[in-house]
2 protein chains.
Amino acid sequence: MGNRALEDYLKAIYKLAHEGHGAAVGTGAVARALGVSTPSATNMLKRLAAAGLIEHRARRGVTLTPTGEKAALEVVRHHRLLELYLTEALGYSWDTVHAEADRLEHAVSEELEARLDEALGYPTVDPHGDPIPAADGTVRAVRDRPLPSLAPGQAGIVGRVSDADPEKLRYLADLGLVPGAAVTLLDSLPFEGPLRVRVGDAEGSEHVLGRELATDIFVRSAGVDRDPAKGNR
Amino acid sequence: MGNRALEDYLKAIYKLAHEGHGAAVGTGAVARALGVSTPSATNMLKRLAAAGLIEHRARRGVTLTPTGEKAALEVVRHHRLLELYLTEALGYSWDTVHAEADRLEHAVSEELEARLDEALGYPTVDPHGDPIPAADGTVRAVRDRPLPSLAPGQAGIVGRVSDADPEKLRYLADLGLVPGAAVTLLDSLPFEGPLRVRVGDAEGSEHVLGRELATDIFVRSAGVDRDPAKGNR
DNA sequence: TTTTGGTATTAGTCGAGACTAATCATAGCG
DNA sequence: CGCTATGATTAGTCTCGACTAATACCAAAA
Ligand SMILES: [Mn+2]
Ligand SMILES: [Mn+2]
Ligand SMILES: [Mn+2]
Ligand SMILES: [Mn+2]
């Protein structure tokens, strides 16, 4: 097919750029994210650069140009609108939507995008807590921090969880660790040990989480509940 | 992309086989249907044959094998479920759904297919009157005849209209010539001339239709209203 | 300063699907 | 019975994305 590959590269670059704060994205990272060999990535990155979608400083890394960022946001918007629509309107569970949306995202027209947006009431957050870029390319900034960065005894609200692994998502849902849930870090064992957390408000249930799993959960301060996402639902 | 091309070829062959009653489908017809050169079609047909999806008697034409027919029906089912879902649930008009479904059909998983089917109440007809193949590969037989084959004075019910041309569909909708509408052939001018029809019951409105347009409208006898399609909606 | 190891690029190949130009096969007509 | 029109196939290319194997770069360690 034509632009499916390009779109997936742009999306991957966008996401990598936003988790490794600001720095340029390496060829290898892109390759790993897409399950592709590094020469394949090099080749593709050159073409993206030739198309003016990315800046490619050889042996340095890669950054999205404004045009490229716009295109990437378009794909991300499709993906997240689809994820939300599939769960809200068609009863999908949040652990299965990702794969479905990954295929559908490339076949979504501007009209379908608009109709999904409308049917959902112009949402700003997807089922996993990721922000849905607006039609004009605006994205709410994410300031959530990984759960382990809380101080012992500190409370937070789950803002976002990593949406890649269905198993993980099912497990988190069982524990009640979904976006919007209150969570308190009771203590965290040293030497990268597990964390003990309370899920829910005053007398919620306690759980122990492995370090790795906890790192995929992002929280915001419990006090500061100025979340634009809640604005228009 | 991988199977998008194959699926489109299978779908095209299926549809051509069903409009030219029973005969084998020629390479040229396939090429024309897909907007592709005949050598491209020859090449692709060979690969479909190698995959056991079609029977290709050289210089004869092509027929779907049971496996091929099953695969084709799968695509057709996706297409028509999507068309219906887009109109019913997302407010698409019937002239624009075809193009959208043509892209989405290849990205529909078995799960999404099942959920669309359920959300629509297990429908059997798409917005243009085409039958939706059941999950088990069953298709309601279509016995509708072209409008011009009615005898002057004879009444019928619109069963199906050709869904390829949006302009045409908009025009037909304006005239009220949609599936389920009653239509009476008042008279038809000789030498392939235009037809005068009444749309609606006793005192409906009268319209004149060009021969070509009329040939894209398919009707069933007004009396025999044993239509399985009306069964479960 | 030389060695080493991780990362990126080059070189060469492959299959999918498309194209054009040239050739063939056959049905039907004269 | 031979000729021709129509339709199908062959031959040869092209682009897109992927791959492996070989090479080049560069930073840090020795
Ligand atoms: Mn994708
Ligand atoms: Mn998501
Ligand atoms: Mn299609
Ligand atoms: Mn249709």
Side-chain angles (χ1 to χ4, degrees), chain A residues 1-14 16-17 19-20 22-64 68 71-72 75 102-103 105-107, chain B residues 1-14 16-17 19-20 22-64 68 71-72 75 102-103 105-107:
Chain A
M1 159 95 180
N3 46 329
R4 153 139 202 195
L6 292 192
E7 289 180 1
D8 276 337
Y9 273 88
L10 288 174
K11 191 177 68 162
I13 294 166
Y14 175 84
L16 288 168
E19 62 190 42
V25 178
T27 307
V30 174
R32 231 165 303 119
L34 292 169
V36 133
S37 71
T38 40
S40 300
T42 298
N43 176 37
M44 218 61 212
L45 291 180
K46 277 181 171 172
R47 288 174 36 200
L48 285 169
L53 296 166
I54 63 176
E55 202 72 47
H56 189 191
R57 268 170 315 251
R59 262 174 238 268
R60 278 313 159 146
V62 111
T63 344
L64 291 170
V75 185
D102 244 2
R103 274 173 291 110
E105 63 190 1
H106 311 285
Chain B
M1 162 91 186
N3 46 329
R4 153 140 201 192
L6 292 192
E7 288 181 2
D8 276 336
Y9 273 88
L10 289 174
K11 189 177 68 163
I13 294 166
Y14 175 85
L16 290 168
E19 63 190 42
V25 179
T27 307
V30 174
R32 231 167 302 118
L34 293 169
V36 131
S37 71
T38 41
S40 299
T42 299
N43 176 36
M44 216 64 213
L45 292 180
K46 277 181 173 173
R47 287 174 37 199
L48 286 169
L53 296 166
I54 63 175
E55 202 72 46
H56 189 194
R57 268 168 316 248
R59 260 165 241 279
R60 277 311 159 150
V62 111
T63 344
L64 291 170
V75 185
D102 245 1
R103 275 174 291 106
E105 63 191 0
H106 310 285

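What's counted below: heavy atoms across the whole structure, side chains too, no hydrogens, waters or symmetry copies. In the text below, chain A, chain B and the rest are named by the order of the sequence lines, each starting its count at 1.
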What heavy-atom pair brings A41(A) and T27(A) nearest, and what distance separates the two atoms?
CB-CG2, 3.8 Å
So, OP1 or OP2 of dA16(C): does either fall under 4.0 Å of a side-chain N or O from Y9(B)?
no
Sequence neighbours excluded, the answer for side-chain hydrogen bond (donor to acceptor under 3.5 Å, both in side chains) partners of S40(B) is S37(B)
For a quick check of understanding: with a heavy-atom distance under 4.0 Å over all strands, which category does T27(A) fall into, base, sugar-phosphate or nothing?
sugar-phosphate
N/O contacts under 3.5 Å, protein versus nucleotides 20-23 of chain D?
none

Mind calculating the distance between CZ (R57(B)) and P (dA8(D)) to the nearest angstrom?
14 Å
Between NZ of K46(B) and P of dA16(C) the distance, given in whole Å, is 14 Å
Whole angstroms only, please: what is the CG-P distance between N43(A) and dG15(C)?
18 Å
Mind listing the closest non-hydrogen atom pair of A49(B) and H56(B) along with its distance?
CB-CB, 3.9 Å
dG15(C) P sits how many Å from L6(B) CG, rounded?
16 Å
Answer yes or no: does a side-chain N or O of H56(A) lie under 4.0 Å from OP1 or OP2 of dT9(C)?
yes
Could you grab the distance from atom CD1 of I54(A) to atom CD1 of I13(A), nearest 0.5 Å is fine?
4.5 Å
Between C1' of dT6(D) and CZ of R32(B), the distance in whole Å:
11 Å
Spacing of M44(A) atom CE relative to dT9(C) atom P, expressed in whole Å
15 Å
Which atoms form the tightest heavy-atom contact between T38(A) and G28(A), and what is the distance?
CG2-CA, 3.8 Å
Atom-to-atom span, CD of E7(B) to C1' of dA16(C) - whole angstrom
15 Å
CG of L53(B) to OG1 of T63(B), rounded to nearest 0.5 Å, is 12.5 Å
Tell me the closest heavy-atom pair linking M44(B) and A5(B), and the distance in Å.
CE-CB, 4.3 Å
Please tabulate, one pair per line, each protein N/O and nucleotide N/O from nucleotides 24-29 of chain C that are separated by under 3.5 Å, including the distance.
residue	atom	partner	partner atom	Å
dC24(C)	O2	R59(B)	NH1	3.4

Atom pair distance, as rounded to whole Å: CG in L34(A) and C1' in dA18(D)
12 Å
